[in-house]
Structures are given as structure tokens and as C-alpha cells.
Amino acid sequence: MTSISQEIGRNIHNYRKKQHMTQEQLASAISRSKTTLCKYENGTIVMDIETLYEIASALHVHVEELLYQPPVQTENTSMNRNTAFLAGLSQFYSYLYDGRTRKLIRCVFDITGDYDENRKNVRLYMNFSDYENYRQCETTYYGYLENFDTLTNIILTNQDSSMEKASAHILASYQNTDTKWGLFNGISSRPVMPISVKMLFSRTRLEENQELMEKLMVNKEDIRLLKLYNMMAVME
């Protein structure tokens, strides 16, 4: 049993749950027994590449989504020399408040490798029940982050619909602080409409309490800036 097989099995398990499929249903779709599928998900046996493709097809995901991509710590290269907030991170967190459900939405960003010499591959896992199984989430995005002197941009595509794009922008990421403010822009599905919301980014998990939710709500200063600039903006 290897850690790679365990991680691939965990991905299969998470995507199966996301598709609301039972082990019996997935096993039947790939012509395997439930016992064999259970071993795939536990990582106790190594599957061949053809089986991996069959599982990806049954789950309606690209095979790359099932592969294990270990998070890669950022280095002090020219790409991130002005990005103290992200320095040395392979994973970071963010939070937003959904006023429709009056709930805090937690997110995890995994930095998974180099996109090119100026960008890093990232995956965003949004709205999950617990951090141990954060990949079993409501929405998954993939994309890349790029750093500039005063801003970090994260360009994203919805895992389930390549037509749905989103982006996140971290303000003043050159500052060496544990948290940073930014904006998340995307498409709401309840109802379908473009949105822009405040997002708080953090190097570590934050305590999810009323104080945090109040920080994420639109406040008087946000409204003042909206009227002043005629646009949604956040300031440090």
C-alpha cells in the first residue's frame, strides 16, 4: 500500500460521493465487485491505468482529477518575490459569507505545481463540511495564480462546467501578514447571476465565529466605497 494509491483512492471516494453514487453503482459501472472498488478507494490495491480511465468516465471527471498531485511549496523566485503572504505555502484558506443562507463558506486552496515560470497551478475546494475531507465539497475549481507588485490574481474554472469561470484577487499580497482581504468574482447558481463578494484569505485556519462572519458582511465602509467609486471594492 502506497501513499499515492491512498490519495488516488481518496479522490475516487470524494468524487463518487459528490456524484451521489454508491459503491455498488460505481462498481457496476466499471464491471468490478464492490469489494474491489472498496480496495481501490482504501488504496490497498493498485489499479491499472485502464481502470483509472474507466472510473473517471463513470464519475464524469477528467482522469487528471483522480491523480495525486502533492502540494508544492512556493519558492523565493522572481515569480513570488513580492508575495510575502504566499511565501513557503503549499496550501492556504479563505472565507466568505453567503447572505442567502446566512452561513460562513470555508475554502481551501492547494498549490499543486508550476503552470509556467510566472504562474502556479491551484485548486480551490469551496463549501465543505470538514477539513479532513475538504475535497468532498460543493464546488471545485482549477486554475492558476499569478503575482504582481501589489496584487495576486487567481484565475479559475469550475470543475463541473468549463463554461463557468471565476476569479479571486488578493490585495497587497506583498505584505507579510497572516490574513489578507480580497474579492471573489463568479457566477451564483441560486439564482444564476454574476456576483462579487468579500473574501478573507489566511495562511492558517481561522476560528469560525460570529466575529469572523461580521467581518465578511458588507459594512458601512464598503457601502461608502461603493458609492464613491461606483464599484465593489475592499481596502486593507
Side-chain angles (χ1 to χ4, degrees), residues 69-98 104-128 130-132 134-135 137 139-159 165-186 195-219 221-222 225-226 229 231-236:
Q69 295 180 306
V72 178
Q73 287 192 340
T74 59
E75 299 176 354
N76 293 323
T77 64
S78 59
M79 181 264 183
N80 55 37
R81 63 181 180 273
N82 296 317
T83 317
F85 173 71
L86 295 176
L89 293 183
S90 61
Q91 185 179 83
F92 58 101
Y93 309 89
S94 69
Y95 303 85
L96 60 88
Y97 178 75
D98 189 337
L104 185 76
I105 303 297
R106 60 174 73 95
C107 307
V108 170
F109 286 86
D110 280 342
I111 301 175
T112 59
D114 292 332
Y115 182 93
D116 58 35
E117 63 180 6
N118 296 313
R119 299 170 179 171
K120 294 286 186 182
N121 284 317
V122 295
R123 291 195 180 277
L124 165 60
Y125 302 92
M126 177 177 285
N127 199 11
F128 46 87
D130 62 272
Y131 282 99
E132 184 177 353
Y134 67 90
R135 291 175 181 169
C137 60
T139 309
T140 304
Y141 293 91
Y142 66 92
Y144 62 87
L145 66 83
E146 54 188 359
N147 297 313
F148 299 97
D149 288 346
T150 59
L151 188 72
T152 293
N153 291 328
I154 307 174
I155 312 302
L156 301 163
T157 299
N158 190 320
Q159 179 61 56
K165 309 294 183 181
S167 61
H169 310 279
I170 306 176
L171 179 63
S173 54
Y174 60 87
Q175 295 177 347
N176 187 15
T177 59
D178 290 333
T179 60
K180 299 298 304 178
W181 281 105
L183 285 176
F184 178 82
N185 309 289
I195 60 169
S196 181
V197 296
K198 294 167 62 175
M199 182 172 272
L200 183 62
F201 299 85
S202 178
R203 292 174 58 91
T204 60
R205 298 182 198 175
L206 299 179
E207 184 177 355
E208 299 175 10
N209 52 26
Q210 184 64 31
E211 181 182 359
L212 177 58
M213 286 197 292
E214 289 178 357
K215 288 181 179 179
L216 293 166
M217 294 177 185
V218 174
N219 56 39
E221 177 62 13
D222 297 323
L225 292 174
L226 176 61
Y229 299 125
M231 62 184 68
M232 181 66 179
V234 293
M235 305 291 288
E236 283 297 304

Identify the heavy atoms of [X] and [Y] that sit nearest to each other, and give their distance.
X	Y	value
R205	Y95	CA-OH, 3.4 Å
G186	A166	CA-CB, 4.1 Å
V234	L171	O-CD2, 3.6 Å
S196	M232	OG-CG, 4.1 Å

Side chain to side chain, [X] and [Y], heavy atoms closer than 4.5 Å:
X	Y	result
H169	N185	yes
F128	V108	yes
T152	F85	no
Y93	L206	no
Q91	F109	no
C137	M126	no
S167	L156	no
I105	F184	no

Query - Whether F92 and F201 hold their rings parallel, tilted or perpendicular, with breakpoints at 30° and 60° - result: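 The rings of F92 and F201 sit tilted, inter-plane angle from 30° to 60°.
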
Query raised in the report: Within a radius of less than 6.0 Å around CD of E132, do more than 12 heavy atoms belonging to other residues, nucleotides or ligands occur?
Result: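 Counting neighbours around CD of E132, 12 or fewer heavy atoms of other residues, nucleotides or ligands fall under 6.0 Å, so no.
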
Got a sec, which residues hit side chain to side chain donor-acceptor pair (under 3.5 Å) with [X], two or more places apart in sequence or on another chain?
X	result
T139	none
D130	N133
K215	none

About how many Å separate [atom2] of [Y] and [atom1] of [X], when rounded to the nearest 0.5 Å?
X	Y	atom1	atom2	result
T140	N158	OG1	CG	8.0 Å
C107	L124	SG	CG	5.5 Å
M199	L183	CE	CG	9.5 Å
L89	K120	CG	NZ	12.0 Å
Y125	R135	OH	CZ	4.5 Å

**Report entry** Set of salt bridge (Lys or Arg N to Asp or Glu O under 4.0 Å) partners for E207, sequence neighbours left out
**Finding:**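 None.
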
**Report entry** salt bridge (Lys or Arg N to Asp or Glu O under 4.0 Å) partners for D222, two or more places apart
**Finding:**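 Partners of D222 by the salt bridge (Lys or Arg N to Asp or Glu O under 4.0 Å) criterion, ordered by chain and then number, come out as K198.
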
Requested in this report: Applying side chain to side chain contact (heavy atoms under 4.5 Å, CB included) between I170 and each of L145, L151, N147, I154, report the one that passes.
Outcome: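 Output: one option passes, namely I154.
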
Query - side-chain contact (heavy atoms from CB on, under 4.5 Å) assessment of D98 paired with L104 - result: CA-CA 6 Å; D98 189 337; L104 185 76; over 6 Å; no

Query raised in the report: Is it true that the NZ or CZ of R119 lies under 6.0 Å from the centre of Y144's six-membered ring and within 45 degrees of the ring axis?
Result: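 Yes, cation above the ring, under 6.0 Å and within 45°.
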
Requested in this report: Mark yes or no: R123 above the aromatic ring of Y141, with NZ or CZ under 6.0 Å from the six-membered ring centre and no more than 45 degrees from the axis.
Outcome: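 Pair R123/Y141 does not count as cation-pi.
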
Query raised in the report: Does any N or O in the side chain of R203 come within less than 3.5 Å of the main-chain N or O of T179, such that one atom is a donor and the other an acceptor?
Result: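 Judged by distance alone, no pair lies under 3.5 Å.
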
Query - Counterpart residues, ring pair (Phe, Tyr, Trp, His ring centres under 6.0 Å), relative to Y142 (two or more places apart) - result: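 Per chain and number, Y142 pairs via ring pair (Phe, Tyr, Trp, His ring centres under 6.0 Å) with no residue.
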
Query raised in the report: Between Y134 and D110, is any side-chain donor less than 3.5 angstrom from a side-chain acceptor?
Result: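 Result is yes, a qualifying pair exists.
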
